[in-house]
Every structure is written in structure tokens, then in C-alpha cells.
Protein chains: 2
Amino acid sequence: MASSETGSRRVTIDDVARSAGVSRQTVSRALNDKGEIGVSTKQRVLDAALELGYRPSRFARGLVRQDAISVGLVIPDLLNPFFTEVAAAALDAARARGWHVVVYDTGDRVEEERGTLEVIASQVDAVVGYLRQPEDEVDKLMRGLPVVLIDRERRTERFSSIRIDGEGGVHAAIRHLVDSGHRRIGMLDHAGRSEPSIRHDWFVSAMSACGLDAGSVSRADQSVEGGERALKALLTDHPATTAVFTFNDIIAIGALRAARRLGRRVPRDLAVIGFDGLRLGSLVEPPLSTVALDTRGLGALAVEQTARLLATSSPLSGDELVVRAELRLRESA
Amino acid sequence: MASSETGSRRVTIDDVARSAGVSRQTVSRALNDKGEIGVSTKQRVLDAALELGYRPSRFARGLVRQDAISVGLVIPDLLNPFFTEVAAAALDAARARGWHVVVYDTGDRVEEERGTLEVIASQVDAVVGYLRQPEDEVDKLMRGLPVVLIDRERRTERFSSIRIDGEGGVHAAIRHLVDSGHRRIGMLDHAGRSEPSIRHDWFVSAMSACGLDAGSVSRADQSVEGGERALKALLTDHPATTAVFTFNDIIAIGALRAARRLGRRVPRDLAVIGFDGLRLGSLVEPPLSTVALDTRGLGALAVEQTARLLATSSPLSGDELVVRAELRLRESA
DNA sequence: AACGCTCCCGTGAGCGCTCACGTTACCGCT
DNA sequence: AGCGGTAACGTGAGCGCTCACGGGAGCGTT
């Protein structure tokens, strides 16, 4: 128990060498068990290392042998199942390449995100994820690190970004609702930012394509409870509403619960269609119809693009960076 | 576009310096924008860096400035909501300490886990998570790295391990079922390993404490579908069963679905109690009663212990490393 | 006795970067 | 003219480790 650390200097390989009466190289051999070392010597070195509490510096080690690359994955909220799925997909794609993934959950706070990016830059070889930071800020913080943004609503020239195209899917969803006889269709948009979401734009455009006025809209926090509250508010203001499209599945699930509490049968009295295609959606009652995104593909695509940027080999662009969403009908509509 | 990389040598700070006609230090100043540098010079350096595709080595940088520590988090399956919650909690606790967390999803494959550990050792300062590897294996691979295991069913002397104690909670659950009039109580255990789980032991002991014989048991894969199949099997073999306790909430949710399909009303015809306390459990219909674990506390505790090991300051031990589960009644029982 | 071989082990160099200093040039002030 | 002062740069050293060597001891072989 030699925690007799007076000065807080780090225990280096030389300390161990001195303590065991051998050279650095021998210590290195013992620790990484490559041969060319006597059994007793090896044991002595190992003991000394343990005694001193020696832990090799991964930086020094990484410096000399060209080590694996590692990317930072920035996620707003890992507990949101959508991001969980994307993260899992990215992790998987990264592992296939032998990469290490450092995960940062910003808790959906922009200031937190800034701090994260600041600290991330010197730790990883590239960054991929959801960033709310303005471009210049990212540029300044990353200083040339490859960056792959996901679902950046405003277009980005400076960085690669995976775009989510839900237009077709949302049109199909609204079309389906209209074909089922619905006319008064509302939307539960997210309440995060000040302006309406892109998904709301798609909704409006789909409505007008069906010859309907933009329906009534309520803002919801990205949580089940948020969805509940928002649906109640919407139905209070517009009781004649017979169908809702929601910003995402989490909100839709909240809407499902609220509908049940309000005594509205789904889909008979109220049809609900979400967005994202969460696996979770098939577990609730009734199973949620949704405009589904291929989250696996999304994560894989983001990693693929990162790889290309890292290799400076013909990065993907334009349409290759788009993930399309499509209507997946279950039972809620 | 100077991708005229003939030899694949890395672009270093000296290359940039030479190309910009300045010294390393000046390049460093430009990139980390600390002052003491002329505006035009800075721009010239930045241009050169971009031109050459220069990316600083995080190892070299980390070596000289004493950089943040980073831990590896090993998870069997991030898509399993339980592990998601633990991971999120660990991420949070780690961020509070300014740590970086490298996440590895082994996909529940033991061989994959071995490979992961092999590669992890030189990348992180400590490892925490769910390891199925035998102790000696871990010891050999980690070579002195601090390791904190979670929910290791067999006791471990060599490594710190966070133990999950569900005994009291399971007893309370069975007691509750018995008090509600149930006598024929089955269990849906997991099918992962060959021998029954510890949770099954708790179940048996709780049953006998209530004066009942060990109920019938069916094995289930850790998935919703697995739970469905297992409940059907159980009810086929033992149709008189009126209540089931399950290995975890995921399986319980499967049981809930199967019960509905079989026309059994929950909790009237069949009571269901899960294990884990997932947030997800409150979303299904009916909301799932469960023996709940404080996943947040679990993650935090694991990180706390890691911190102590890292500082070689009085690690926690014994009872301090136990997380207790307690019955959380909702509506499925 | 001389050679060769294997088994251990040590020595110098260098990975790419930052830090603490020097050094130079240029300005204003007395 | 001489001084101090500051802005803008360069120079050596060193972070902790591994790699490619080099070298001695001990053994057997001809």
C-alpha cells in the first residue's frame, strides 16, 4: 500500500524500473507480456508496478504506436429512445471499423454542449452527432477536426451533415388519414425551439397537397408527459379534431395515453401517427403508426461519412447524405 | 487539395511550420489561439494547416498537458432500456467529474467482449461495466487497470463489484401476490446462461417464506418476444397459474402482451410483476408493477467507486457497494 | 579453445506536441 | 542618443512510452 504520494507526480515507467532494479524496457516487456524476459524478473517488475500503483499513460503509449482512432458522439439525451437507437447504430458501425467511440450526453442543454465541444477537441479524431451550436462556434471549437452533423435543420455548407427527409413519409401519412375520412387533422409539434420545426413544414405542405388548410398545432415537450399535455390542450381548443400527427413517437405515445384518459378510442375516435419509427412504438397499446426512420442506417451513414472525411477520400455529398422516412402503419391510424 | 500523400507519413506540426515559414511554436499559437502572434501570420499558418490537412495528434497533446481521464464503459446491449438507463447515469456522473466515457456495446457476445477488453486497455484509465469474462481473463487483459464490475452474480474478490440485492424486493413482491390471494405463482427466468439466475433463487426463497412450493418456471430470451413465448409456454404447461414474476421488465412486457392475446385480463386473471423498474414500464398498458432498481444510483455508484480506485483513496467495500431493489406497485399486480 | 546460439536485458532515439524561456525588432519617451 | 517596454516570434527541453538495436552471460558443438 504505497500511497505515500507526497508530491503528486505521476508514477512513470522509470519509477517502476528503478524500484525493480531493471530498465524501462524490461518493465515494458513485463507489462505487455512479450517474451525476452525471465520469469522471476517479470514477477518482480509486476509486483513493483502494483506496489507503486503504476498505470501506463495511454497518451505516451498511443504516441509511439499508431493507435486506433476514436470519434466523439454527441447526443442530446441518451434516454430518449430515438437517440439511443442512433447511438447504438453508430457504436456498431464504429466497432466494425475498430474505432473507439466517446459518448457525450449534453442533456439537451446548449451551454453544456459548448463545454463538451471545448473539451472534446483534444480527445478525439472526429466528431459526429447532434449539435445545436451555430456553425462559426463549431468551426472555432473544432479547428479542423472532421465534423458530421445529423439532422441539422438549417443547411450547412461548412460541415458534412446527414439530412433527414421525411417529406414523402409525412405526405403518405396525411394522405392515409384523409383517405380514412379524416378532415380535421392537428399536429403536436415540439416546443424546443422558437420557430416551428421542419416536420411541421412537411405537415403543412402535405395538408395543402390534400386540399386541406393547415390544421391546428400545439407545442409539446419531448416527453410522454409533454405529449399528454399537448394533446389535451389541442383537444380543448379544437374538440372536433379526429387525427393528429406528432413531431416524434415519444410525443405520440403521450398522446395515446391522453386519448385513453379522455375516453377517446384510438384509432376510432382519434387517429395518431408519430414520427421516428421507434421499436418502442410497437409495444404500446394500440401499436403506434409512424413515419419511420431507418435509425440503423442513419448511424451507419454518419460513421461512413466520418470515415471518408478522416481518410480525405471522396466524401459523400448531396443525396447520398439523405435518410428518407416512410410511413409504417400499425394500429393507431 | 494537397492530397498528394506519397508516403503515408502523418502530417505533423513541423510540416505546417515549414510550409508556413514559421516555427512549431507559432503554429501551436495559431491553432490554440493564444495571443503573441500577428494576425497575418496566424492566417497564413491556418491556411497552411488546412492545405496540408493537418490534424493535431491527441496523444502528443495529451502527453504534455495533463489531460482529462477517460473510462471505458462496457455494456452488453445498449438497446436494452435497462442498460441505457445505467449508461446514461454513468455518463452523467462521469461528466460531473469531467471524465470522458468510451462506450463499448458488446452485443451480448462473450467473444466480442474479449476483443473489446483487449483493445480497451490502452485507451482508457479504468473500466466499468458488465463483464461476463472469467476473472483471470479480465485480470490478464487489464493488467492493473482499475476495474469496477456491475451485477456480477458470482462473487469477486479481485475486483470491485457493485452488487444488486433484490432479495427484499422480491420477497415483498411475492408477499404482495400472496396477500392478493395468489397461490400458483410462476416465474419467467432468463434463458441466457445454463443455470438459473440469482433472481430465481430469490424467487424460490420468497415463495418458501410464504409457505409455497417453488412455482413453475419458464426460460425467456431477454426480449419482448421472448417474454411472450415464455408466458405462453408457461400457461400451456401450468394453466392454473394466476401470477408471474419475471427476470426483468422487458420480459414482463412481453408477458403482458401475451396475456392480452390469450384473453387473460391483467391483473384480474393474471398478475405480472417485473424486475428493474424501467421508466418504460409505466408506459405500457396496464402500467407494470416491478421490483425497481435505482439505475441512476447504480451508475453513479459505479463511477464513484472508479474514482476512488483511480485516486487510490479508500475504495468502498462491502455494503457500500450494494444497490437494493424495492417493490414498486403500479397496476399489473 | 573457438565458435555459434539462445536467452535476457539495457541503451539511444524518437513519436508530436506544449511550456518556459530567449531573442529580435520596433515603438515611444526623456 | 539612450533607455525601457511590448509585440512577435524562435529555441531547447521534456512529457512517458515503445522500437530497433546492441551486448553480455551461459550453454553446447566441433
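All values below come from the heavy atoms of this structure, side chains included, with hydrogens, waters and symmetry mates left out. None of the values given here were measured: they were computed from a predicted structure. Within every chain, numbering begins at 1; the chains are lettered A, B, ... in the order of the sequence lines, protein sequences first and strands thereafter.
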Do any side-chain nitrogens or oxygens of B/Ser23 fall under 4.0 Å of OP1 or OP2 in D/dC9?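 Indeed not, no polar side-chain atom of B/Ser23 lies that close.
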
For a quick test of reading the model: is some side-chain N or O of A/Thr41 closer than 4.0 Å to OP1 or OP2 of C/dC9?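 True: A/Thr41 side-chain N/O within range (under 4.0 Å) of C/dC9 OP1/OP2.
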
Roughly, in whole Å, what's the span from [atom1] in [X] to [atom2] in [N]?
X: A/Arg65; N: C/dC15; atom1: CZ; atom2: P; result: 17 Å
X: B/Phe59; N: D/dG16; atom1: CZ; atom2: C1'; result: 13 Å
X: A/Arg18; N: C/dG10; atom1: CZ; atom2: C1'; result: 15 Å
X: B/Gln43; N: D/dA8; atom1: CD; atom2: P; result: 15 Å
X: A/Arg55; N: D/dG16; atom1: CZ; atom2: P; result: 14 Å
X: B/Asn32; N: C/dC17; atom1: CG; atom2: C1'; result: 10 Å
X: A/Arg10; N: D/dG14; atom1: CZ; atom2: C1'; result: 15 Å
X: B/Asp15; N: C/dC15; atom1: CG; atom2: C1'; result: 13 Å

Report the nucleotide, chosen from [options], that has the shortest atom-to-atom distance to any side-chain atom of [X].
X: A/Leu63; options: C/dC15, C/dC17, D/dC17; result: C/dC15
X: B/Lys34; options: C/dT18, C/dC15, C/dC19; result: C/dC19
X: B/Arg24; options: C/dG10, D/dG16, D/dT11; result: D/dT11
X: B/Gln25; options: D/dC17, D/dG12, D/dG10; result: D/dG10
X: B/Ser28; options: D/dC9, D/dG16, C/dT18; result: C/dT18

Is a side-chain donor or acceptor of B/Arg24 paired with a backbone partner of B/Asp14 at a separation under 3.5 angstrom?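 Answer holds: no.
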
Backbone N/O of A/Phe82 and side chain of A/Asn80: donor-acceptor pair under 3.5 Å: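 Yes, the answer is positive, given that a donor and an acceptor are paired below the 3.5 Å cut-off.
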
Tell me, please, which residues at least two apart from B/Tyr54 pass ring pair (Phe, Tyr, Trp, His ring centres under 6.0 Å).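 Ring pair (Phe, Tyr, Trp, His ring centres under 6.0 Å) list for B/Tyr54, sorted by chain: empty.
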
Residue mapping more 5' on DNA chain C - nearest nucleotide basis, A/Val64 or A/Gly21: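 Checking each residue's closest nucleotide, the 5'-ward one belongs to A/Gly21.
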
Would you mind writing out the side-chain donor-acceptor pairs for residues 126-133 of chain B within the sub-3.5 Å range, not counting sequence neighbours?
unit_1	atom_1	unit_2	atom_2	d
B/Arg132	NH1	B/Asp108	OD1	2.7
B/Gln133	NE2	B/Glu113	OE2	2.9

With DNA chain D as reference, determine whether A/Arg61 or B/Ile37 sits nearer its 5' end, using the nearest nucleotide of each.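 Its nearest nucleotide lies further toward 5', so the answer is B/Ile37.
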
Do the side chains of B/Asp47 and B/Arg44 get close enough for a salt bridge, i.e. N-O under 4.0 angstrom?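 Judged by the 4.0 Å cut-off on N to carboxylate O distance, B/Asp47 and B/Arg44 do not form a salt bridge.
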
Is a donor-acceptor pair below 3.5 Å formed from side chain A/Arg29 to base C/dG10, judging by atom type as modelled?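 Counting by modelled atom types and ignoring angles, a donor-acceptor contact under 3.5 Å is found here.
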
Return yes if the base of C/dC7 and the side-chain atoms of A/Glu36 contain a donor-acceptor N/O pair under 3.5 Å, otherwise no.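 Donor-acceptor pair under 3.5 Å: no.
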
